[in-house]
Amino acid sequence: MGVDKADVRTVVHWALPTSLEAYYQEAGRGGRDGAPARALLLASRMDLGRLIRFIKERETSVDDVRRYVARLRTGADGDVVAIGHGELAERDRVLLSIAERAGAVELAPGGREGLLATLTGRGSPRLAAAAIRAARDRGWESYRSIERYSSADTCRRRQILDHFGDAELGAPSGRCCDVCDPDPELAPRAGGGVERDWSRTQARSRRRPREWGR
């Protein structure tokens, strides 16, 4: 979503993002010039299964963190490890973050080196376990936020405002959303009456439009 244009009129999501925050940020690429724009989310129940799988793949344990720190030590120059830009896989980023919160690692910018990780020689299993629980809870809350948004039959704009704690009334410059102002062309599809047939895989998937204007 690295789009640096002010006059984007439509942002279309083919699948559910990982959270409502991610969706709002990406949809916000539309209408930056102040003119009306549309955000269209094509949601499918199988997307929720994909998001659940992502959360489970990120699950870890205190022992996983301990083994990761030991692995860092094997490549350390003394007590310092230089981690280059782009070297960390997603799971390693999670483990490194937890190790930092547990006090086993101290992180600092490394300039061209990327990131410098100082191994402290200590670390609290209790703090690591707390960081793991917090990360898991954040993942499930993010999942629940986008699941509610994609399935609830209440104003999309109101849902976003409420999620971010904004009590102001919505003030759309045109149509509000598919709940408040159904689009005559999209409404039949929102009811799940259209299937897309992908001949290469022989797989069928229903994706229901969720829409709001800006």
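In what follows, every heavy atom counts, from backbone to side chain, and hydrogens, waters and symmetry copies are set aside. Since we're looking at a predicted model, the values are computed, not measured.
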If two hydrophobic side chains count as joined below 4.5 Å and joins carry through other members, does L127 share a cluster with I98?
-> no
Is there any salt bridge (Lys or Arg N to Asp or Glu O under 4.0 Å) pair reaching into residues 161-172, and which pairs are they, with sequence neighbours excluded?
-> R158-D162
V81 versus A76, closest heavy-atom pair with distance = CG2-CB, 3.5 Å
Residues 115-122 side chain polar contacts: donor-acceptor under 3.5 Å, at least two apart:
residue : atom : partner : partner atom : Å
T120    : OG1  : G103    : O            : 2.7
T120    : OG1  : A104    : O            : 3.2
T120    : OG1  : R122    : N            : 3.2
T120    : OG1  : R122    : O            : 3.1

Is there a donor-acceptor pair under 3.5 Å between the side chain of R156 and the backbone N or O of Y149?
-> yes
Which residues pass the side chain to side chain donor-acceptor pair (under 3.5 Å) test with D77, sequence neighbours left out?
-> none
R157 vs C176, side chain to side chain contact (heavy atoms under 4.5 Å, CB included): CA-CA, chis, key distance, verdict = CA-CA 7 Å; R157 182 179 299 272; C176 180; 3.8 Å; yes
Would you mind listing every salt bridge (Lys or Arg N to Asp or Glu O under 4.0 Å) that reaches into residues 127-143, with sequence neighbours excluded?
-> E141-R144, E141-R148
Ignoring hydrogens and geometry, is there a side-chain-to-backbone donor-acceptor pair from R66 to P125 under 3.5 Å?
-> no
Taking only residues two or more places apart in sequence or in another chain, which ones pass ring-ring contact (aromatic ring centres under 6.0 Å, His included) with Y68?
-> none
When you measure from the side chain of R32 to the backbone N and O of G28, does any donor-acceptor pair fall under 3.5 Å?
-> yes
Within-4.5 Å side-chain heavy-atom neighbours: L96 and I83 | yes
Using side chain to side chain donor-acceptor pair (under 3.5 Å) as the criterion, list what pairs up with D33, not counting sequence neighbours.
-> R9
Please name all residues satisfying side-chain contact (heavy atoms from CB on, under 4.5 Å) with S142, sequence neighbours left out, ordered by chain then number.
-> S19
Just wondering, do H13 and D47 contact through their side chains at under 4.5 Å, heavy atoms?
-> no
Drop me the distance from E147's CD to L20's CG, to the nearest 0.5 angstrom.
-> 12.0 Å
Ring pair (Phe, Tyr, Trp, His ring centres under 6.0 Å) pairs, two or more places apart, involving residues 154-179 | Y24-F164
Taking atom CZ of R126 as the centre, report whether more than 12 heavy atoms of other residues, nucleotides or ligands fall under 6.0 Å from it.
-> no
Atom of A128, atom of V62 and distance for their closest heavy-atom approach | CB-CG2, 4.3 Å
Residue list, side-chain contact (heavy atoms from CB on, under 4.5 Å) with R67, at least two apart or on another chain | D63, D64
Separation between CG of L88 and OG of S97, rounded to the nearest 0.5 Å = 11.0 Å
Might you work through the side chain to side chain contact (heavy atoms under 4.5 Å, CB included) test for R91 and T60, ending with a clear yes or no?
-> CA-CA 9 Å; R91 181 168 177 78; T60 187; 3.6 Å; yes
Check whether any side-chain heavy atom of I146 lies under 4.5 Å from a side-chain heavy atom of T18, and answer yes or no.
-> no
Taken in chain and number order and not counting sequence neighbours, the residues that satisfy side-chain contact (heavy atoms from CB on, under 4.5 Å) with E59 are K56
Rounded to the nearest 0.5 Å, how far apart are CG of L16 and OH of Y23?
-> 10.0 Å
Partner set under side-chain contact (heavy atoms from CB on, under 4.5 Å) for E90, not counting sequence neighbours = R58, R93, V94
Residues in side chain to side chain donor-acceptor pair (under 3.5 Å) with T154, at least two apart?
-> Q159
Are any non-hydrogen side-chain atoms of R38 and V11 less than 4.5 angstrom apart?
-> no
